[in-house]
Structures are given as structure tokens and as C-alpha cells.
Amino acid sequence: MATAFITHAACLRHDMGSHHPECPSRLSAIDDQLISSGIAQYLQHHEAPLATLEQLARAHPREYIETVQAAAPERGIVHLDPDTAMSPGTWEAVLRAAGAAVLATDLVLEGQVENAFCSVRPPGHHATRSRAMGFCFFNNVAVAALHALERHGLERVAVIDFDVHHGNGTEDIFEDDERVLMVSTFQHPFYPYSGTERPAPNMVNVPLAAGTGSAGFRDAVATRWIPALEDFQPEMVFFSAGFDAHVEDDMAMMRLVDGDYGWVTREVKAVVDKSGGGRIVSVLEGGYALSALGRSVVQHIRVLGGL
Ligand SMILES: [Zn+2]
């Protein structure tokens, strides 16, 4: 079965200013590497629909959703947080980003594809129930996981977060929710300085020191994530796929290399192949070194698609 690749041109029209690292060229860099690697032609391409209010409201209070919509400017840029801003194109982009994750979930659970990658922005894992922060507005992965649980009736899903920053928003939405297991690695101490103070029992948080590198990352995955995932037996997994732990990415200092992203994808896929028929939805989070981002996404998608 195929791997879906879901994106939308509206995701390029969210613009937080010419010097902001979370920039439209990130998605073009992914497209370029997919084409030059020769794998783009093997993916099933879809345009992201708009997420509905009902879908967003599974993860966020309606008042918060309305506050974000009301903040969208007709021109210029409006900041919701020191590093999170809206431009005239942002509102549609946030709906397409969450809508991509929902479509991916539907395609996988309806058996139309085996798995899916959403090449979207803005990212989502720092968005808490009611706060935009860290370049994020709505929590795309949480919206998708809740769609799988509440629309499709799944009972156990796992969130896998290998972004270099702790996914505090996803933790806020899912802590103590027994239907969800979240496993993550993140540089610590580092933005957003969360994830280490008494995490809930359904959170497998593995803080890693700056400079950790491939061996330490792989050890954390093998000894902490995989046993927890094997015990939990997820029916489906959702990747918060951030590529900012890459050695070429100036955002942080985790020193991963391209091959680590293929490796971690293979390790997690082996678990969900057994427990959940290989059902995976992966959604882009961070990754700001454009060439490294594109190459690492190719490694990730090659494993998803068996390419
Ligand atoms: Zn990040």
C-alpha cells in the first residue's frame, strides 16, 4: 500500500517575517529533496482540506479557537507570543495544517494508504489547549490523534515526538489520558523548559543533554521508547516529526545525522507493524536547516514507504 504525502499551497502563505526561521522555504526544501531523491513519484499526493471547528475543538476550547481567528490581521504581522506571529495568510494555513493531519488519519484508517506524511506549517506541538507559543497555534498531531480516538473509535494511540524541543503542548492536551502514550526525546535544559517535573504516567519523556549525538539518542529510543510502546500496543502512531535535532541545525545542539531519522522511523514502525497494522501518520514540526531538513524527511519517508 502507498504512502500519502499531504500539503497545501496555503501553508506557504503563513509568513512571520523575513528573518523568522519558521519560514515558507522549509516546505520548498522538502519538495526539492523529494524530487531530487526520486521518491516523489511513488507517493500518493493530496491537498490538505480545511480543518473544521468541530475537529479543532476536540483539542482546544472554542473560545481559544475564536481568539486566534479574531487575531488574524488583514495586513502586516500580529504577534501572539514573542516568537509566534500571524500574517494575513496564517488563518488558512493553520486550518490546512490541522486538516492535513485529519485527512491523513482518515486515509490510513479507511485503508486507502498504509501511512501518511503531512508537509505542513505552522507546526503544532508547542500549542497547548489554550495558548499559541513556539511557532505553533493549533496542535495538529493532537487534533489528528483525537480524531482517530473519537471519530474512528480507536482505543490506544501513541505520539512519537523526536523534535529537539519538548512537545509541551501535546503533553498539556494528553497528560493522564490513558488512551494515549507519548514518547519523546528533547534537549534539556532548553526551550520550553518543560517535560522533566513529574511527568504524567502516560508520558515517556527522555531529556538529553546538549551534544548528545546519535549514540545517546538511539540508546534512549531503544531502552525507553520501544519497551513502553511494546507494552502499550498502540493501534496507530502519530509522529511529531521535527528535524531540528540535526547537527546542521543551529536551533539546538543535539547532533543527529540524516540516518538517525530513518533509523528511528524503522524502530517505531516495527512495533506498530505488529500492534497496529503499520498505521502511521507523521506531521512535520521543526527543522530549520533547509538542506538537512529536506534530506532527513527523505530518510523518514523512505522507511514509511519502503522506498
Ligand atoms: Zn523544535
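Indexing begins at 1, ligand by ligand and atom by atom, following the structure's order.
- Across all non-hydrogen atoms, the minimal contact from G134 to H126 is O-CD2, 3.3 Å.
- For D163, the N/O/S atom at the shortest distance from the Zn ion (ligand 1) is named OD1.
- The list of side chain to side chain donor-acceptor pair (under 3.5 Å) pairs with a residue in residues 190-204, not counting sequence neighbours, reads H166-S194.
- R121 places no side-chain N or O within 3.5 Å of a backbone atom of L27 that could act as its donor or acceptor partner.
- With a cut-off of 2.8 Å, the Zn ion (ligand 1) has no N, O or S atom of H126 in range.
- Of all N, O or S atoms in D244, the one lying closest to the Zn ion (ligand 1) is OD2.
- Under the 30°/60° scheme for interplanar angles, the aromatic rings of H60 and F138 are found to be tilted.
- Of all the N, O or S atoms in H165, the one closest to the Zn ion (ligand 1) is ND1.
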